[in-house]
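Just below is one structure, and these are the notes that go with it.
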2 protein chains.
Amino acid sequence: MDKQAQTLKIKDFERRCRQSGLKLTPQRFAVYRALINTDAHPTAEAIYQEVRKEMPAISLDTVNRTLLTLTEIGSAFIVEGTGQPRRFDGGLEDHQHFLCIKCGKVIDFHHPPFDNIQLPQEIEGKFKVLRKTVYLEGLCEACQKKDTL
Amino acid sequence: MDKQAQTLKIKDFERRCRQSGLKLTPQRFAVYRALINTDAHPTAEAIYQEVRKEMPAISLDTVNRTLLTLTEIGSAFIVEGTGQPRRFDGGLEDHQHFLCIKCGKVIDFHHPPFDNIQLPQEIEGKFKVLRKTVYLEGLCEACQKKDTL
DNA sequence: CTCTGTGCAAACACTTTGCAGCTAA
DNA sequence: TTAGCTGCAAAGTGTTTGCACAGAG
């Protein structure tokens with residue numbers, strides 16, 4: 001990412017913080033900068049190691065909490081499914097998954113056009129793809145109702 | 001699932017076990033039956049609670065190990081991403097994820113046709129979809145090479 | 001009989017919580 | 001000034017490992 005794009009992102013981050021009434025602490029900037037300067041989809045631990053280089057006193061907890069805060073204001077995303085206990089699926093039939101981000105439930109749905117997605121040549125050539133699926137996240141019926149209570 | 005389909009699945013499971021030289025233990029049958037009799041995408045803990053009803057002496061470890069074994073012979077799947085430490089993504093640009101099941105690395109790719117997948121009315125009406133993406137799993141370039149060594 | 005699978009216990013890794021002092025606004 | 005943030009420590013949850021005995025083949 002070039003310097004220009006980075007500055008824009010940081011401005012956007014500041015705006016989101018202010019909108020949510022969050023304080024602009026040095027730790028938050030440092031964590032956010034570390035996050036947007038990598039495309040490795042880091043764990044909290046990895047960000048921690050990176051940030052410590054310039055801010056040795058920061059704690060892993062702060063990094064953890066900051067990252068969660070970032071996802072709440074939309075400045076970061078959690079890679080689908082990660083951070084949850086392992087869940088198993090014994091169905092061999094074609095289906096796709098919807099994860100409710102509130103109650104954590106995984107709901108199956110089946111939309112036949114999603115069963116055989118066409119991948120670009122670029123991917124097929126590079127990776128050995130063993131599984132391909134459409135993945136949705138959001139609020140399930142029950143949790144949408146809870147919201148309005 | 002009807003009785004017929006269940007029997008077929010269990011036959012298939014037996015076949016896979018034999019093919020891989022795995023013993024057909026009562027625990028394995030019990031775990032597999034519990035798994036295919038639910039569509040809740042259970043955690044190991046949930047399967048454990050279920051299996052204990054008919055086999056009180058089984059241990060959680062065995063359930064855990066059995067479930068992992070099932071995924072290895074293709075009789076079960078791990079719901080995408082679950083069971084791994086939380087990973088963050090600071091990119092707001094459209095992109096999709098490929099997970100290497102061997103080294104655990106998440107690799108971004110971007111195939112514009114995947115940016116705006118059309119969902120069926122059935123889903124849009126029922127859930128509040130906040131995120132939709134195509135998700136791939138398989139072996140990355142580096143790990144494919146390792147395989148042939 | 002043999003070797004894999006199981007149950008148990010301990011270790012480990014990741015995440016969450018509670019609290020006291022600090023700091024951005 | 002003060003509400004929110006940070007760092008530390010402890011507890012909680014989920015997963016892995018090592019080992020001795022049991023049971024499937």
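Both backbone and side-chain heavy atoms feed into the values below; hydrogens, waters and symmetry mates do not.
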Heavy atoms only, 4.0 Å cut-off, all strands: where does [X] land among base, sugar-phosphate and nothing?
X: A/L67; result: nothing
X: B/A57; result: sugar-phosphate
X: B/L60; result: nothing

Once you round it to whole Å, what is the distance between [atom2] of [N] and [atom1] of [X]?
X: A/I78; N: C/dC14; atom1: CD1; atom2: P; value: 16 Å
X: A/D61; N: C/dC19; atom1: CG; atom2: P; value: 16 Å
X: B/Y48; N: C/dC8; atom1: OH; atom2: P; value: 8 Å
X: B/R18; N: D/dA24; atom1: CZ; atom2: P; value: 14 Å
X: A/L24; N: D/dC5; atom1: CG; atom2: P; value: 10 Å
X: B/I58; N: C/dG7; atom1: CD1; atom2: C1'; value: 10 Å
X: A/E45; N: C/dC12; atom1: CD; atom2: C1'; value: 14 Å
X: A/L22; N: D/dT2; atom1: CG; atom2: P; value: 21 Å

Ignoring backbone atoms, establish whether [X] has a side-chain N or O less than 4.0 Å from OP1 or OP2 of [N].
X: A/T62; N: D/dC5; answer: no
X: A/Q27; N: D/dG7; answer: yes
X: A/R28; N: C/dT23; answer: no

Residue met sooner reading DNA chain C from 5', once B/K23 and B/P26 are mapped to nucleotides: B/K23

B/T66 or B/P85, whichever maps to the more 5' nucleotide of DNA chain C: B/T66

Is it true that [X] and [Y] have ring centroids separated by less than 6.0 Å?
X: B/F109; Y: B/F98; value: no
X: B/H95; Y: B/H111; value: no
X: A/F88; Y: B/F77; value: no

A/E137 with B/K132: basic N within carboxylate O range, under 4.0 Å: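 No, A/E137 and B/K132 are not salt-bridged.
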
First of A/R87 and A/M55 reached from the 5' end of DNA chain D, by closest nucleotide: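 Of the two residues, A/M55 wins.
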
base_contact_polar (C/dG7 base, B/R65 side chain, donor-acceptor, <3.5 Å): yes

Pair A/D115, A/Q96: side-chain N/O donor-acceptor within cut-off below 3.5 Å: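 Judged by distance alone, the side chains do pair up.
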
